[in-house]
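Numbers here simply count residues along the sequence, with the first being 1. When reading the values below, keep in mind they use all heavy atoms of this one structure, side chains included, and skip hydrogens, waters and symmetry mates.
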Amino acid sequence: MADLVPFPRAPRPARPARPRRNDPEPLWRQMVGDQLRRRRHDRDETLTETAGNAGVSPQYLSEVERGLKEPSSEMIAAIAGALDTSLIELTSAVADELRRSTAAPASAAVSLARGAFALAA
């Protein structure tokens with residue numbers, strides 16, 4: 001039988017990193033959780049302390065902060081209250097963070113993909 005002779009492979013040129021246009025927007029529950037954790041850390045409180053003040057278990061609060069739970073508005077209000085903040089302050093902070101984290105709104109991406117048209121009367 002014949003012997004197989006391996007050919008040396010030429011190294012592939014590195015691909016330039018492309019920006020990812022289809023990255024999903026962050027989930028609301030993740031953004032709320034990040035904001036709650038940030039506020040808890042700013043107060044130097046433990047999960048147990050904040051959870052006790054909010055009337056939830058430390059495990060539940062941990063899951064909320066990590067974005068694993070979709071808390072009800074009542075739960076968010078209880079946790080926010082335990083952190084001496086209001087729902088409007090928390091919601092505004094999350095909305096501001098979402099604005100900073102997204103490069104362009106989805107409607108702008110659709111407009112760019114389809115092109116801009118204007119009608120004259």
Do you reckon [X] sits in the same ILVMFWY cluster as [Y], going by side-chain contacts under 4.5 Å, direct or chained?
| X | Y | result |
| --- | --- | --- |
| Leu87 | Val94 | yes |
| Ile79 | Trp28 | yes |
| Leu27 | Met75 | no |

Looking at CD of Glu63 and CG of Leu47, how far apart are the two atoms once the value is rounded to the nearest 0.5 Å?
11.0 Å
Salt bridge (Lys or Arg N to Asp or Glu O under 4.0 Å) assessment of Asp84 paired with Arg43
CA-CA 10 Å; Asp84 290 328; Arg43 294 168 54 93; 2.9 Å; yes
Backbone N or O of Ser86 within a donor-acceptor pair of the Glu89 side chain at under 3.5 Å?
yes
Glu49: partners by side-chain contact (heavy atoms from CB on, under 4.5 Å), with sequence neighbours left out
Glu45, Thr46
The criterion is side-chain contact (heavy atoms from CB on, under 4.5 Å); which residues satisfy it with Gln59, sequence neighbours excluded?
Ser57
If you define the side chain from C-beta out and look only at heavy atoms, does anything of Glu25 sit under 4.5 Å from Leu98?
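Sidechains of Leu98 and Glu25: no contact.
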I want to check something: taking the side chain as every heavy atom from C-beta on, are Arg38 and Glu97 in contact at a cut-off of under 4.5 Å?
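Touching, per the 4.5 Å side-chain cut-off.
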For [X] and [Y], which heavy atoms make the closest approach, and how far apart are they?
| X | Y | answer |
| --- | --- | --- |
| Ser62 | Arg37 | O-NH2, 4.3 Å |
| Leu83 | Arg40 | CD2-CA, 3.7 Å |
| Ala51 | Leu61 | N-CD2, 3.7 Å |
| Leu90 | Thr85 | N-OG1, 4.3 Å |

Can Arg99 and Asp96 be counted as an ion pair, charged N to O under 4.0 angstrom?
yes
Excluding sequence neighbours, so at least two apart, what forms salt bridge (Lys or Arg N to Asp or Glu O under 4.0 Å) with Arg29?
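Salt bridge (Lys or Arg N to Asp or Glu O under 4.0 Å) list for Arg29, sorted by chain: Glu70.
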